[in-house]
Amino acid sequence: MNILPAILAMAAIVVASNIGVQFLIADGWLTWGAFTYPLAFLVTDVTNRLYGSDTARKVVLFGFAVGLLCSLVGTQIMGEFGPLVTLRIALASGTAFLVAQLLDLAIFSKLRNRDWWVAPLTSSVLGSIVDTALFFTIAFAGFLAFPTAWGDVSWAQDATAVGPLWVGLALADWGVKIGIALLALVPFRVITRNFAQRVA
C-alpha cells in the first residue's frame with residue numbers, strides 16, 4: 001500500500017491554497033486558493049475509498065501539519081497591511097481544515113456502500129459547509145472577541161446586500177467549493193475505477 005501519492009497531493013494542495021489565498025480575483029470576492037483548496041476533499045475521499053478511513057486520516061493529519069507550517073511561515077512574511085497570515089487566520093484555517101476533513105472522513109465511511117457517487121458528493125458538500133462556516137466565522141466575524149493583535153477584521157464588517165462583507169465572501173467561497181465537489185466526481189470515479197481494475 002503506497003500512500004505517498006496521496007500525501008504529496010495533499011501537501012501540494014495545502015501549499016498551493018496557502019499561496020493562492022494571497023491573490024484576489026472576482027473583484028475581491030474570491031482568491032485563487034478558493035479553487036485549489038476544495039481538491040483536498042477529493043484526495044481525502046479517494047484515499048478513503050482505496051485504503052480506508054484510517055489511512056485517509058493519516059493523510060488528513062499530514063495535510064494539517066503542512067497547513068500549520070504554512071501558517072507559521074506566513075506569520076513571518078510581512079505584506080502591505082502586516083503579516084500575510086495573522087494568528088486569527090491561522091487559528092481559523094487550522095480548525096476549519098481539521099474539523100471539515102475529519103467530518104468528510106466520517107460521512108464518507110458511513111455512506112461508502114451506497115452508489116459510487118453518494119459518499120464523495122455528500123461528504124464533500126457537508127464538509128465544505130462546515131469548513132466555510134468555521135473558517136469565515138473564526139477569521140472574520142465581528143461578534144467573536146479576539147485581541148486586535150491577532151488581526152484587525154474591522155474591514156470584514158462592512159455592510160453588503162447579504163450582511164457583513166465576510167458573509168458574502170463566505171457564500172462566494174462556498175459556491176466555488178460546491179462547484180468543485182461536483183466536478184471532482186469525474187476524477188474520483190476515474191481514479192477509483194482504474195484502481196479497482198488493476199487490483200482485480
Side-chain angles (χ1 to χ4, degrees), residues 3-25 30-48 51 53-79 81-108 120 123-141 144 146-147 149-151 153 156 166 169-170 172-174 176-178 180-181 184 187-188:
I3 65 166
L4 183 59
I7 287 174
L8 293 176
M10 183 64 84
I13 289 164
V14 170
V15 170
S17 299
N18 275 274
I19 293 170
V21 78
Q22 304 301 324
F23 301 97
L24 299 173
I25 56 174
L30 292 168
T31 68
W32 284 112
F35 294 90
T36 55
Y37 173 75
L39 297 175
F41 291 103
L42 173 63
V43 173
T44 300
D45 292 346
V46 167
T47 307
N48 198 344
Y51 302 114
S53 61
D54 288 342
T55 301
R57 187 172 292 105
K58 292 175 186 173
V59 173
V60 166
L61 293 175
F62 185 84
F64 177 70
V66 170
L68 287 179
L69 181 61
C70 288
S71 291
L72 178 62
V73 170
T75 62
Q76 303 306 306
I77 300 173
M78 296 305 287
F81 303 106
L84 292 182
V85 179
T86 65
L87 290 176
R88 186 167 176 169
I89 295 288
L91 176 64
S93 179
T95 301
F97 178 87
L98 192 59
V99 172
Q101 291 294 319
L102 292 178
L103 177 65
D104 177 275
L105 270 170
I107 293 169
F108 189 102
S123 63
S124 293
V125 167
L126 294 178
S128 293
I129 292 169
V130 169
D131 180 84
T132 301
L134 282 175
F135 175 78
F136 283 91
T137 302
I138 295 170
F140 302 120
L144 292 181
F146 284 95
W150 284 37
V153 297
W166 69 270
L169 296 173
D173 182 79
W174 183 70
V176 171
K177 284 179 179 143
I178 298 307
I180 292 177
F188 176 87

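The model shown is predicted, which means the values in this text are computed figures rather than measured ones.
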Does some side-chain heavy atom of [Y] sit less than 4.5 Å from a side-chain heavy atom of [X]?
X: Val15; Y: Cys70; result: yes
X: Ile25; Y: Phe35; result: yes
X: Met10; Y: Thr47; result: no
X: Leu91; Y: Phe146; result: yes
X: Val125; Y: Ile178; result: yes
X: Thr137; Y: Trp166; result: yes
X: Phe135; Y: Thr95; result: no
X: Trp32; Y: Ile19; result: no

Rounded to the nearest 0.5 Å, how far apart are [atom1] of [X] and [atom2] of [Y]?
X: Phe62; Y: Leu8; atom1: CZ; atom2: CG; result: 7.0 Å
X: Ile7; Y: Leu61; atom1: CD1; atom2: CG; result: 10.5 Å
X: Leu134; Y: Ser93; atom1: CG; atom2: OG; result: 11.5 Å
X: Ile107; Y: Leu126; atom1: CD1; atom2: CG; result: 4.5 Å
X: Leu39; Y: Ser17; atom1: CG; atom2: OG; result: 7.5 Å
X: Ser53; Y: Leu102; atom1: OG; atom2: CG; result: 10.5 Å

Check for a donor-acceptor pair, side chain of [X] on one end and backbone N or O of [Y] on the other, with a separation under 3.5 Å.
X: Thr86; Y: Trp150; result: yes
X: Asn48; Y: Thr44; result: no
X: Arg88; Y: Ile138; result: yes
X: Thr75; Y: Leu72; result: yes

For the pair Gln22 and Thr31, evaluate side-chain contact (heavy atoms from CB on, under 4.5 Å) and give the outcome as yes or no after the intermediate values.
CA-CA 7 Å; Gln22 304 301 324; Thr31 68; over 6 Å; no
Would you call the rings of Tyr37 and Phe41 parallel, tilted or perpendicular, where under 30° means parallel and over 60° means perpendicular?
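Answer is perpendicular, since the angle exceeds 60°.
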Phe108 vs Phe188 aromatic rings, parallel, tilted or perpendicular, using cut-offs 30° and 60°?
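Plane angle over 60°, so perpendicular.
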How close do [X] and [Y] get, heavy atom to heavy atom, and via which atoms?
X: Leu42; Y: Pro187; value: CD2-CG, 4.0 Å
X: Phe64; Y: Gly94; value: CE1-O, 3.4 Å
X: Leu105; Y: Ala56; value: CD2-CB, 3.2 Å
X: Ala6; Y: Val43; value: O-CG1, 3.6 Å
X: Gly127; Y: Ala100; value: O-CB, 3.4 Å
X: Ile89; Y: Ala139; value: CD1-CB, 3.7 Å

Test salt bridge (charged side-chain N to carboxylate O under 4.0 Å, His left out) applied to Lys177 and Asp173, step by step
CA-CA 6 Å; Lys177 284 179 179 143; Asp173 182 79; 2.6 Å; yes
Test Asp131 against Val99 for side-chain contact (heavy atoms from CB on, under 4.5 Å), laying out the working first.
CA-CA 7 Å; Asp131 180 84; Val99 172; over 6 Å; no
